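Owing to the predicted nature of the structure, the values given are computational and were not obtained by experimental measurement. Labels below follow one simple rule: chain letters A, B, ... track the order of the sequence lines, proteins then strands, and each chain is numbered from 1.
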There are 2 protein chains.
Amino acid sequence: MAAPESASVATPYGGLSLTHSSTVDRVAEELRRAVFEGELEAGTPLREVAIADSLGVARSTVREALGLLVAEGIAVREPNRGVSVASPDPEAITDVVRARAVLEVAGVRRWASASEEAREAVRTALREYAAAVAAEASYQQLNERHLALHLSFVGLHESPRLVAMAETLIAELKVALAQIDRIRRNAHDQAGSHTHLLELLDGGDVEAAATDLEAHLADAEVAIREALFRAP
Amino acid sequence: MAAPESASVATPYGGLSLTHSSTVDRVAEELRRAVFEGELEAGTPLREVAIADSLGVARSTVREALGLLVAEGIAVREPNRGVSVASPDPEAITDVVRARAVLEVAGVRRWASASEEAREAVRTALREYAAAVAAEASYQQLNERHLALHLSFVGLHESPRLVAMAETLIAELKVALAQIDRIRRNAHDQAGSHTHLLELLDGGDVEAAATDLEAHLADAEVAIREALFRAP
DNA sequence: ATCGTCAGATTGTCGGACAATCAGTCAACG
DNA sequence: CGTTGACTGATTGTCCGACAATCTGACGAT
């Protein structure tokens, strides 16, 4: 069903794109990076003026960037008290994991009816994760790949909005993970578990894969909670 | 598990609250209202200065409010071209309905394991919807109650984040519905269908309810699409 | 028909300003 | 001794004015 080209030829410039990076975006990106890499501890207040002249931008610009972080759940704003890095409490962890479980498990259940493209995305995400594990990559690399794999499960829905939601959930989770970065989680012996999951999927046993994933998420939740809230 | 009160008595002020309404919030709320009530057609550009001195506030305040609307999917921002009311295209409708289906159906499937509180919320939502139908309430009233009912399905997850997500999805949908408000959808002969669904749930046949809901959403999608994109 | 160029409008960003609110201190008071 | 009230400094919420960069549309030149 080709769209009727308005006379003349179709333009051959379909493959071009240009990323418009506004100052606000760059500020927000820098703040995200600082949070995810643990430079900014949870609960740290993000002072507008301090950030502004630290980055050489106007306060209004910083304000707008902070609004973005708040919308993404990376930071929280208290009226007249400013915004600070979100400090994950136990309920938040539970809720995020539960929400993720809904999105990811439902995605996995769609495995059979998903597009081959989406399925292939899962496979490559797993490959890259496994490669990072084998190469004993940095903790942050592992995290990144691991979460990307989970995101690819949601991608099986082929719904941009569901993926966007999963992304903000994962962003919130990354704030928590950044806190236990130093504690050096023992995690990431999980590569095998994920491989098993994919085998189940390719073998057609979707239900087993779904329950597997659910168990994995439940495990992850208690692991994170213990690392965070059983502090010395 | 009562929290250990730090000596002395527990404060008897638990039931107090105070809603801090910033100017930004009020501006955003006014804009939402205008969009949902059809005063602002889809695609209408939201000029910062015009809104600013129309409401008697500063431009920066309006900018921040617009940022909120964009984050909620009610409006879209194009770089250097400002923000305008989101104009739903067919893909967006499909995607929103698909995402809703995932959240709502998964919620309904949790009926048995949900808290009695959440289940009761569904029942009262249905009652209020039915009452509105019986009273031949205004089109907007019906819409409001109908969507509240669907939101209560998501509430069965008892996950604040999933509910928040469903709310933004519904907000996006309301923009579309505002467009066909004038066209006076025939809809809302659906009260019976929902009552049937609840009977299935209370009877324990969760699966039947889930497939019912799925069918209902699919119907709604084509209805909306036809009303929107088969213009005279 | 395509390409410069120009004027007008609008956004993106800046800088400064001020009242309102908040956290902390500390003295006064019952 | 615990509560209250007043003071100070810091920070946010909001406003105002300004300017460069960018988009839109028209107009004329090639």
Which of these nucleotides, dT13(C), dA23(C), dT10(C), is closest to any side-chain atom of S22(A)?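 The closest nucleotide is dT13(C).
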Could you check how far [atom1] of [X] sits from [atom2] of [N], rounded to whole Å?
{"X": "R26(A)", "N": "dT13(C)", "atom1": "CZ", "atom2": "C1'", "result": "11 Å"}
{"X": "I51(B)", "N": "dT10(C)", "atom1": "CD1", "atom2": "P", "result": "12 Å"}
{"X": "D25(A)", "N": "dG12(C)", "atom1": "CG", "atom2": "P", "result": "10 Å"}
{"X": "R59(A)", "N": "dG15(C)", "atom1": "CZ", "atom2": "P", "result": "13 Å"}
{"X": "R77(B)", "N": "dT10(C)", "atom1": "CZ", "atom2": "C1'", "result": "12 Å"}
{"X": "E64(A)", "N": "dG12(C)", "atom1": "CD", "atom2": "C1'", "result": "8 Å"}
{"X": "R47(B)", "N": "dA9(C)", "atom1": "CZ", "atom2": "C1'", "result": "8 Å"}

Who are the side-chain contact (heavy atoms from CB on, under 4.5 Å) partners of A75(A), not counting sequence neighbours?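 A75(A) satisfies side-chain contact (heavy atoms from CB on, under 4.5 Å) with L46(A), L69(A), V70(A), V83(A) once adjacent residues are dropped.
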Where the side chain of E48(A) meets the backbone of V62(A), is there a donor-acceptor pair that is under 3.5 Å apart?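 Not confirmed, E48(A) side chain does not pair with V62(A) backbone.
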So, is T23(A) near the phosphate of dT13(C), with a side-chain N or O under 4.0 Å from OP1 or OP2?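 Yes, within the criterion.
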Less than 3.5 Å apart, any donor N or O on the side chain of S159(A) or R98(B) sitting next to an acceptor on the other?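 Not at all, the side chains of S159(A) and R98(B) share no donor-acceptor pair under 3.5 Å.
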Working to the nearest 0.5 Å, report the span between CD1 of I170(A) and CG of L177(A).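 The distance works out to 10.0 Å.
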Test salt bridge (charged side-chain N to carboxylate O under 4.0 Å, His left out) applied to E221(A) and R225(A), step by step: CA-CA 6 Å; E221(A) 182 192 341; R225(A) 291 179 64 141; 3.3 Å; yes
5'-most by nearest nucleotide on DNA chain C - E48(B) or R81(A):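 Between the two, 5'-proximity favours E48(B).
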Parallel, tilted or perpendicular: which one describes the rings of H146(B) and Y129(B), with boundaries at 30° and 60°?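 Because their plane-to-plane angle is under 30°, the rings of H146(B) and Y129(B) count as parallel.
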Tell me, please, the opening and closing nucleotides of DNA chain D, 5' to 3', among those with an atom under 4.0 angstrom from a non-hydrogen atom of chain B.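 Result: dT14(D) to dT24(D).
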